[in-house]
Amino acid sequence: GDMSLGSFFVSRQVSYVQTGSGAPVLDTNTPPLFDAALTSPTNANPVTSAQLDVPGGGSLDLTNLFGRLFFAYDQYATQAELDASRPPGTYTLHVNRTSGGPQSLTRSLQASDWPPIPQILNLPALQNVDATSDLLVQWNGFSGATAADSIYFSLSLDGTQVYHAPDPCVPVELDKAATSIIVPKAILEANKTYGASLGYIHTSAFDTNSIPDIFSYASTSKYLSFLVVTAGGAGSARPPMIGSLSLNSQGLQSQITGAAPGQSLQVQESTTLLPGSWMTVQTNQADATGNAYILFPFSGSGQRFFRLY
């Protein structure tokens with residue numbers, strides 16, 4: 001494709017955790033999320049500002065970050081609160097550029113776009129897996145999936161993804177009608193605890209016409225986190241990993257992966273890196289899948305360093 005093109009998406013996501021044979025519960029470390037992001041084209045007419053009209057009135061100014069990226073990002077306690085604040089309907093993006101008049105495009109998010117909640121059907125068996133055999137993971141299925149829908153599965157160890165599907169490079173296929181996957185035994189190590197994720201994703205058709213050099217789409221998804229433990233792996237010590245950062249009104253937020261379930265995680269800050277200069281500015285606890293969200297807060301101007309402790 002043309003690497004000079006820009007892109008825009010608007011999305012909703014709700015995440016869950018499953019720890020046994022019962023129904024998944026809302027993942028409190030990954031709150032329901034509304035996200036809109038615009039990446040400006042790299043041609044001679046970049047975007048200078050962007051605004052998103054929300055159904056029912058109101059609008060959001062997309063914050064500019066790192067030059068080309070404009071985004072808006074909101075989190076909520078429940079899906080109901082997300083749906084009330086960012087209701088179903090048509091979302092209209094308005095952009096201003098270095099030259100030429102304003103441009104706009106529309107994307108639709110509907111109540112019927114929400115997928116069902118993913119659920120693992122054989123989770124108890126996944127807590128004592130023979131690493132010398134292929135791994136079978138079974139789930140409830142993406143009922144009502146359409147041509148625009150998809151399923152995504154991933155397996156990570158110590159914060160590093162070791163397997164995912166679909167993966168066109170291997171290739172590994174994962175059809176939207178699938179209710180299971182077999183992970184090759186060559187991927188597995190004995191005495192390990194893996195973080196796993198299963199996503200049901202609805203994606204609208206891509207729009208490449210409204211603004212010719214900015215393609216756009218909308219997505220609505222539900223993700224499930226769970227653990228896979230190979231024989232003897234429960235409770236093994238693992239170094240937590242800091243993931244990619246996102247900006248909100250309070251600071252930089254990052255998802256921490258690869259921690260031990262229930263592990264206490266501290267963010268420490270220093271302005272000098274000298275021994276004795278580190279101060280704890282936040283403490284959080286990893287959930288049952290070893291994940292947590294950590295906020296690196298804004299606290300005045302000047303140089304600052306952070307570490308995870």
Atom [atom1] in [X], atom [atom2] in [Y]: separation rounded to 0.5 Å?
X	Y	atom1	atom2	result
Y16	S225	OH	OG	12.5 Å
I181	H164	CD1	NE2	10.0 Å
F226	Q127	CZ	CD	9.5 Å
D213	S40	CG	OG	8.0 Å
I151	D175	CD1	CG	7.5 Å
Y223	D27	OH	CG	13.5 Å

[X], [Y]: one ILVMFWY side-chain cluster at the under-4.5 Å cut-off?
X	Y	value
L135	L174	yes
L38	V54	yes
L62	L105	yes

Checklist entry - Between V47 and I214, is a side chain to side chain contact (heavy atoms under 4.5 Å, CB included) present by the stated rule, with each step listed? => result CA-CA 10 Å; V47 173; I214 298 176; 4.2 Å; yes
Could you check whether any side-chain heavy atom of [X] comes within less than 4.5 Å of a side-chain heavy atom of [Y], counting everything from C-beta outward?
X	Y	result
F9	R107	no
V95	F8	no
H94	P102	no

Next on the checklist: Please identify which of these residues, L82, D35, D74, meets the side chain to side chain contact (heavy atoms under 4.5 Å, CB included) condition with R12.
Outcome noted: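 Of the listed options, the one satisfying the test is L82.
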Next on the checklist: Please verify the inter-ring angle class for Y217 with F206; under 30° counts as parallel, over 60° as perpendicular, anything in between as tilted.
Outcome noted: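 The arrangement is tilted - the two ring planes meet at 30° to 60°.
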Next on the checklist: Using 30° and 60° as the class boundaries, would you call the ring planes of W139 and F153 parallel, tilted or perpendicular?
Outcome noted: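 W139 vs F153 ring planes: parallel.
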Item to check | side chain to side chain donor-acceptor pair (under 3.5 Å) partner of Y200, chosen from D149, T220, N140 | outcome: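 So, applying the side chain to side chain donor-acceptor pair (under 3.5 Å) to Y200 and each of D149, T220, N140, only N140 qualifies.
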Item to check | CA sep, side-chain torsions, deciding dist, call: Q13, S15, side-chain hydrogen bond (donor to acceptor under 3.5 Å, both in side chains) | outcome: CA-CA 7 Å; Q13 179 179 315; S15 298; 3.3 Å; yes
Checklist entry - Any idea which heavy atoms bring P24 and Q18 closest together, and the distance? => result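 Closest approach of P24 to Q18, heavy atoms only: CG-OE1, 3.8 Å.
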